[in-house]
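Worksheet for the structure shown next.
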Amino acid sequence: MANDASTVFDLVILGGGSGGYAAALRGAQLGLDVALIEKDKVGGTCLHRGCIPTKALLHAGEIADQARESEQFGVKATFEGIDIAGVHKYKDGVISGLYKGLQGLVASRKVTYIEGEGRLSSPTSVDVNGQRIQGRHVLLATGSVPKSLPGLEIDGNRIISSDHALVLDRVPKSAIILGGGVIGVEFASAWKSFGADVTVIEGLKHLVPVEDENSSKLLERAFRKRGIKFNLGTFFSKAEYTADGVKVTLADGKEFEAEVLLVAVGRGPVSAGLGYEEQGVAMDRGYVLVDEYMRTNVPTISAVGDLVPTLQLAHVGFAEGILVAERLAGLKAVPIDYDGVPRVTYCHPEVASVGITEAKAKEIYGADKVVALKYNLAGNGKSKILQTAGEIKLVQVKDGAVVGVHMVGDRMGEQVGEAQLIYNWEALPAEVAQLIHAHPTQNEALGEAHLALAGKPLHAHD
């Protein structure tokens, strides 16, 4: 293994996804000499196989729905069908533009970018392309891949992962989606908009089960109205090929058949065979274990993103990468409050939240110390114009701060920014009620909800 001992980087990063490239950009900005190693393309899952392409598909689906429903707005339009090649061209164009911009950013910050498959070779080095890249510190950011269940083989043909679904050359006539979390309901929403017959199988008792139960129930109601079928509360047993599709059998013997089965049961860390265990890095079920400053048990090694057991969100990876870069540059690092991270599921309708659920609040503070308020979007002018239904639910510690904001409705993801400030700045309802929200906007609904919680409702009943 060749070793250029004359070059020792301040920071060697293994993995160029959200967490890795954020650490590289911020580290270089702060004067660190940074090497970024990536075997595929900078931007990782989020840009190439996750956030960006799925949201492009969902927007194409939204356009299809608007064409179908245009007459209710007095616009005469016809929906002629989905040109899947055209959809992919649009999606890939979005990715390409962002990818070129990111490549330019990495180059402009003078990050040493190395394309190749790296492996941790010591607590201060990574081997790649026959070279040993030395660093005073190493950041592991190798991300995640779609996972499956025992005995269920993803073959890329009729049993597919989200990676396959994003490049599928057709709209399936029918689809079973195994998993009712974020990935599952987003694909269910997009495929339904494209005209597929969709059934979601979720072993837990609700769709998007980590969200507040009220949000889950609102989404389930909306999916029923859209004709998206789902089966809750029974786990998967087996899948087998039929003459022209796939048959899924559940633990209670119930059977479902469709053209394809999308396995959307979550993502697992990419860590096997990369030298982590050999260098003494503490792990659990493939995840690298870290403290609140993203430090592993090895002093010269940190880890971020989907590789560590925190929220699997691109913006969490960004924040963790920035935290590591600032800590190594000598700045004061502030641990991340993961409850304060905004979460958005971009199905139709969207589900957005920040803070804790009502159930969690009662567990922490006691049932008698928690106040919850629901504000229906039917009272919001802009939501009425957009013809979207839903609610904003606030969870408050009695006589104290708002500790949870849970929203369901089209474009609610765009409202989560203010919700994030409300939670993270520990705002009292009366303080938010004093702020003037623009009319008519959906953002106004957040203000109205806080007016009601502060005891002075305007466009809401007492």
Side-chain angles (χ1 to χ4, degrees), residues 54-69 72 79 81-82 84 87 158-162 164-166 168 170-236 239 245-248 250 254-266 344-352 377 386-391 407-413:
T54 53
K55 278 47 172 186
L57 289 186
L58 283 157
H59 184 61
E62 183 183 2
I63 300 297
D65 288 333
Q66 287 175 343
R68 288 188 191 96
E69 299 160 5
Q72 67 176 288
F79 174 71
I82 299 295
I84 198 65
V87 170
R158 300 183 200 175
I159 302 176
I160 64 175
S161 71
S162 57
H164 303 116
L166 285 169
L168 204 60
R170 68 194 187 283
V171 177
K173 290 186 177 63
S174 58
I176 298 167
I177 298 177
L178 185 59
V182 173
I183 297 169
V185 299
E186 287 188 351
F187 273 102
S189 188
W191 278 348
K192 181 63 181 179
S193 295
F194 288 166
D197 181 31
V198 181
T199 302
V200 181
I201 306 293
E202 171 54 56
L204 300 178
K205 64 180 183 177
H206 286 296
L207 296 178
V208 288
V210 300
E211 294 290 341
D212 190 271
E213 188 172 330
N214 186 65
S215 295
S216 295
K217 288 178 177 178
L218 287 169
L219 180 62
E220 289 158 14
R221 183 190 305 165
F223 269 22
R224 283 190 201 98
K225 194 172 179 182
R226 291 187 62 194
I228 298 173
K229 299 184 285 290
F230 49 88
N231 191 92
L232 306 173
T234 307
F235 287 99
F236 167 86
V246 182
K247 180 169 73 173
V248 170
L250 302 188
K254 197 180 290 185
E255 295 178 343
F256 300 85
E257 291 193 31
E259 181 185 331
V260 297
L261 168 62
L262 169 59
V263 181
V265 293
V344 186
T345 304
Y346 293 88
C347 50
H348 168 49
E350 290 182 354
V351 180
L377 293 184
L386 295 171
Q387 298 287 286
T388 186
E391 283 181 359
M407 303 179 285
V408 177
D410 288 345
R411 306 188 186 182
M412 285 297 105

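Heavy-atom basis, side chains included; hydrogens, waters and symmetry copies ignored.
Atom-to-atom distance recorded for K225:NZ and R221:CZ is 9.5 Å, nearest 0.5 angstrom. Interatomic distance, L57 CG to F187 CZ, rounded to the nearest 0.5 Å: 6.0 Å. From K205, atom NZ reaches atom CD of E213 across 5.0 Å, with rounding to the nearest 0.5 Å. Annotation: the span from L207 atom CG to F230 atom CZ amounts to 5.5 Å, rounded to 0.5 Å. Separation of atoms CG (N231) and CD (E202) is listed at 10.0 Å; rounding is to 0.5 Å. Expressed to the nearest 0.5 Å, how far OH of Y346 lies from CE of M412 amounts to 12.5 Å.
Counting all heavy atoms, side chain and backbone alike, I183 lies closest to S162 at CG2-CB, 4.1 Å. Considering every non-hydrogen atom in both P172 and A196, the closest pair reads O-CB, 3.1 Å. Taking every heavy atom of both residues into account, I228 and S189 meet most closely at CD1-CA, 4.2 Å. Closest approach of A258 to S174, counting heavy atoms only: CA-OG, 3.3 Å. Residues G179 and V200 approach most closely at O-CG1, 3.7 Å, considering heavy atoms. The minimum heavy-atom distance between F194 and R68, with the atom names listed, is C-NH2, 3.9 Å.
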Test side-chain contact (heavy atoms from CB on, under 4.5 Å) applied to D197 and W191, step by step: CA-CA 8 Å; D197 181 31; W191 278 348; over 6 Å; no
Derivation and outcome, side-chain contact (heavy atoms from CB on, under 4.5 Å), residues D410 and L386: CA-CA 8 Å; D410 288 345; L386 295 171; 5.6 Å; no
Criterion side-chain contact (heavy atoms from CB on, under 4.5 Å) on L219 and C347, from CA distance to verdict: CA-CA 9 Å; L219 180 62; C347 50; 3.7 Å; yes
Candidate pair L58 and H348, rule side-chain contact (heavy atoms from CB on, under 4.5 Å), full reasoning: CA-CA 8 Å; L58 283 157; H348 168 49; over 6 Å; no
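A salt bridge does not link E259 with K173: every distance from a Lys NZ or Arg NE/NH1/NH2 to an Asp or Glu carboxylate oxygen is 4.0 Å or more. Between K192 and D65 there is no salt bridge, since no side-chain N of the basic residue sits under 4.0 Å from a carboxylate O of the acidic one.
Within a 6.0 Å radius of CZ in R411, other residues, nucleotides and ligands contribute 12 heavy atoms or fewer.
The closest side-chain heavy-atom distance from M407 to E350 is not below 4.5 Å. When side chains are defined from C-beta on, R170 counts as touching V260, because their heavy atoms get closer than 4.5 Å.
Side chains of S193 and R226: a donor on one and an acceptor on the other come within 3.5 Å. When only modelled atom types and interatomic distance are considered, H206 and E220 share a side-chain donor-acceptor pair under 3.5 Å.
Remark: the backbone N or O of S161 is paired with a side-chain donor or acceptor of H164 at under 3.5 angstrom.
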